[in-house]
Amino acid sequence: MDPLHGITLKAILEKLVDYYGFDTLGELIKIKCFNENPSIKSSLTFLRKTEWARKKVEELYVRSIKKFDAR
């Protein structure tokens, strides 16, 4: 089963930011939109245009699902 099926990029990003915060997210995935004036809106704009960065975010989400549930 695909854990990304039916979930939006926005929902993925919001869950990651809620769990890790932008500071930790910026350390885990080194992209400017997480480290300089981060916001959900600006990050979504970048991630929708940048496939390699979106893949990294999706991979982190999939690896983190069990942590979300344990919270």
Side-chain angles (χ1 to χ4, degrees):
M1 189 173 120
D2 182 3
L4 297 174
H5 180 76
I7 187 164
T8 64
L9 183 58
K10 183 178 186 212
I12 290 170
L13 186 58
E14 287 173 341
K15 192 78 170 171
L16 289 171
V17 170
D18 181 53
Y19 186 81
Y20 292 108
F22 274 114
D23 287 344
T24 302
L25 209 48
E27 291 173 18
L28 294 171
I29 303 173
K30 301 208 178 334
I31 52 179
K32 194 174 176 180
C33 68
F34 292 161
N35 291 305
E36 294 181 22
N37 297 323
S39 73
I40 297 288
K41 187 174 190 282
S42 65
S43 297
L44 281 173
T45 300
F46 177 76
L47 293 170
R48 286 181 177 133
K49 291 188 293 189
T50 315
E51 188 171 342
W52 65 265
R54 185 173 62 247
K55 287 274 181 235
K56 287 183 179 290
V57 168
E58 290 172 347
E59 288 166 4
L60 178 61
Y61 176 81
V62 170
R63 288 195 315 267
S64 302
I65 289 173
K66 286 189 174 99
K67 295 178 187 176
F68 301 152
D69 295 340
R71 208 177 208 195

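Heads up: numbering here begins at 1 and tracks the sequence. No hydrogens, no waters, no symmetry mates; every other heavy atom, side chains included, goes into these values.
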- Shortest non-hydrogen contact between Pro38 and Ser42, atoms and distance: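 Smallest heavy-atom distance, with atoms named: C-OG, 4.4 Å.
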
- Note on the structure: When every non-hydrogen atom of Ser43 is compared with those of Cys33, the smallest separation belongs to OG-O, 3.4 Å

- If you measure from CG on Leu4 to CD1 on Ile65, what distance do you get to the nearest 0.5 Å?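 If I round to the nearest 0.5 Å, the distance is 7.0 Å.
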
- What pairs meet the ring-ring contact (aromatic ring centres under 6.0 Å, His included) rule with one or both residues in residues 39-65, with sequence neighbours excluded? Tyr61-Phe68

- Message: Side chains of Arg63 and Leu60, heavy atoms from C-beta outward: is any pair under 4.5 Å?
- Response: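 Yes, at least one pair of side-chain atoms sits under 4.5 Å.
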
- Item | Partners meeting side-chain hydrogen bond (donor to acceptor under 3.5 Å, both in side chains) with Thr45 (sequence neighbours left out) | none

- Item | Pairing residues for Glu51 by the side-chain contact (heavy atoms from CB on, under 4.5 Å) criterion, not counting sequence neighbours | Arg54, Lys55

- Item | For Asn37, all residues meeting side-chain contact (heavy atoms from CB on, under 4.5 Å), sequence neighbours excluded |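 For Asn37 there are no side-chain contact (heavy atoms from CB on, under 4.5 Å) partners, ignoring immediate neighbours.
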
Can you give each donor-acceptor pair under 3.5 Å made by side-chain atoms of residues 8-29, sequence neighbours left out, with the distance rounded to 0.1 Å?
residue, atom, partner, partner atom, Å
Thr8, OG1, Ala11, N, 3.0
Tyr20, OH, Ser64, OG, 2.6
Thr24, OG1, Tyr20, O, 3.4

